[in-house]
Each structure stands twice: as structure tokens, then as C-alpha cells.
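As C-alpha cells, the structure follows; a few thoughts come after it.
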Amino acid sequence: VANGGPLKAPEEFTTNPEARRLFVQRLRYTAARWAYSPALMAWEWWNEEDLTPITPDLLIPWIQEMTPQLRAWDPYRHLVTTSFASANNPEVFNLPEIDFAQIHRYDSTDPAQTFPGLFRQLAGQIPEKPILFGEFGDSASIEDTASPDQAGLHLHTGLWASTFAGFASGSMYWWWDSYVDPLNLWPVFGRLERFLRGVDLAEYHSGSVGLSPANAKVVYRILKAPDRQLVWLHDPLYSVKEMVHITSQMSMEKKTPEPGWVFLPEPLGGLSIALSDLPDGDYVAYWYSPRQGEWLQDQRVSVQRGKADVVIPEFKGVRAAPGPPAGAPPPK
């Protein structure tokens, strides 16, 4: 009202008849203007709606009213979603009008440790929908070129951890303009893309494996398809927290890192992993360095009674392996 509009309070946006009429008019323009674009993935009703005073009992009927309007004007049937800052609302995400759920998270803890439990919790609440990792970062305030994480370690681990936890995307780093782009960290994305090139993740589901020795402090995740499996191994010491600890120690000891110094924990060796649920036969494990984005050595694996023990080559920080059957063309 103070600005010449029809509303006395923000929450009336969803209930006032004139506001709804004007928004439907805007929806028609929006669809006419942008629905054609192949760059458009989905329509998002709200970004972090829980930061508004609009409550779920007002939001739900509004989404139920507006979604058919939008779909009537979008001949390309784009997906529809919404998002919340913190209070993810399963009731909203489970609406038939919403095609996929989202999560936004800003957290400095090791994603390899936290993402699997996060996904299990959300998937239990939203069992029939993909969950996109729409925003991620070390901090919600700012990340820029002054960050101690100059090589994008948190970005790297978030991408791999979200993929192997079961999310429908890598975690989308929020600070692309102030952090990723100025430090040219785009190759971090390419290293995951190269590993997954030609892989249809819709064929895979999370599984369990056994690591030997059992007391080894290594995070390991596995995605299983009928005839192959993807394995990701992560040293918990390969984290921003540990990196900051090491660099602080070096500073106290007045040691200056050499040019090109990259934080890496000590090598891990003497490990093996027990695979299961594979058809019997001969396979090849193609080992990959997620940190360098390079294919490494091949390893022949024999599966008997659905099981195989695979020796893990010594590695620093992270290691991954897909295992197509013998005779399949090697990754390019």
C-alpha cells in the first residue's frame, strides 16, 4: 500500500485476488519470454521461501493454483521446483505439482562425512522425488580469493560426496563469482565430469561394501548398477579443517610453503575393498585420481559367487574406480 500496491503485508501476496491476478499475468509473460530456451532447466517458484512470512498453509494452495497456469503456457514441460533456506518442508516437496526437491547447505565440515546422512534423512521424507543440491558453500556470508582454500578442496569434496551420497546433482557451489571464477576452479568440475562421462547415474543406487582392515579411517561410498560399480575413497584428513591446521602449524614454525605447494595427507596403502552383488566373471577396475582428473592403472578383478576382493592402490587424499566388465572399451 505504501508503494501504491494492493497489499497491506507481504503474506497477502498469496491470498489477495488482485495480487494473484497480476502474478498470473506475469506468469504468462515469463513463459512466453523464456520457455523456448534450451538453457532453462526448471522453474523455481521461490528461492528460500522460508525467509518470507508466508506460511506453508498459504504457500501450498498458491502452488496448487499457479502450477497448472504455468504448465498451460509452457509447451516444453519444464520441471517445476521450489527451495527453502533451512526448514525443508516435505509437505511442499511431496506435492504432485513439484517435480523435484532441493537442499541448500552452507557448512565447513567435511562433506564426505555429512552428506550421506543428510541424503538419507531427506530421502526418507521425500521418497519419490530426486533431490537436487541447489546451493552449497563453506560459508553463507562470503567466500572470495582471500579464502585459505585456494585449490577448491571443499568444492571438490562437495561435488564427489553429493554424487556418491545419492543426490540428483553435484553440490552447486554458491560463490562462483567471487571465489570459483577468480581462482579459476572450473577444472574441479571437469574432473568429476570426466569420471562420469558416458555413465547414466539413473542406473545406479547406493550400496554397501566392506573395507579391510576394518579399522581403517577411510570414507568409502559405492554406487551399484546391475553389471558395474562406482567406488569413491576419501581420506578424512583430506579436508579444509586439516589443511588450515597444517598451514597454521607451518606458520608457527616459520616455514614457508614452496611455490606450487598443494596440501595432501600422507599416503594410504595396504587397503582392500570387498565388492558384492556383481554377476560372476572377469572385470577390470579402472582406477582414477579425482584430484588430478586422470585415469591411472587398470586392475583385473575376478568375481565369484557375486563377490570380489579388490586391492586398493596406494593413494593420497582420494581415489575412485568404475568397473566395467572385461572386454568393455577403456575409458577415453
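If you read the sequence from its start, that first residue is 1, and numbering goes on from there.
Taking CD1 of I126 as the start and CD of Q102 as the end, the distance is 10.5 Å to the nearest 0.5 Å.
Listed by chain and residue number, nothing satisfies the salt bridge (Lys or Arg N to Asp or Glu O under 4.0 Å) test with R28 (two or more places apart in sequence, or in another chain). Partners of K129 by salt bridge (Lys or Arg N to Asp or Glu O under 4.0 Å), not counting sequence neighbours: none found.
In summary, the side chains of W186 and D181 do present a donor paired with an acceptor at a separation below 3.5 Å, with no hydrogens or angles considered.
Side chain of H205 to backbone of K224: a donor-acceptor contact under 3.5 angstrom is found. Of the possible polar contacts, one joining the T247 side chain to the V244 backbone as a donor-acceptor pair under 3.5 Å is found. The main-chain N or O of I98 is never found under 3.5 Å from a side-chain atom of W45 such that the two would form a donor-acceptor pair. Although no hydrogens or angles enter the test, the distance criterion places no donor-acceptor pair under 3.5 Å between the side chain of D74 and the main chain of A35. With D99 contributing its side chain and V80 its backbone, the two residues share a donor-acceptor pair below 3.5 Å. In terms of modelled atom types and a separation under 3.5 Å, the side chain of T67 and the main chain of I63 share a donor-acceptor contact. The backbone N or O of E44 lies less than 3.5 Å from no partner atom in the side chain of T82, so there is not a single donor-acceptor pair.
Clustering ILVMFWY residues whenever any of their side-chain heavy atoms sit less than 4.5 angstrom apart, transitively, puts V318 in the very cluster that holds L196.
Ring geometry for Y238 versus H156: interplanar angle over 60°, hence perpendicular rather than tilted (30 to 60°). Between F115 and F133, the two ring planes are tilted [angle within 30° to 60°]. Ring planes of Y286 and W295: perpendicular class, angle over 60° (limits at 30 and 60°). Taking the six-membered ring for Trp and thresholds of 30 and 60 degrees, Y173 and H154 have ring planes more than 60 degrees apart, a perpendicular arrangement. Between W43 and H78, the ring planes are perpendicular. Angles over 60° get that label, and only those under 30° would be called parallel.
Atom CD of E266 has 12 or fewer heavy atoms from other residues, nucleotides or ligands within 6.0 Å.
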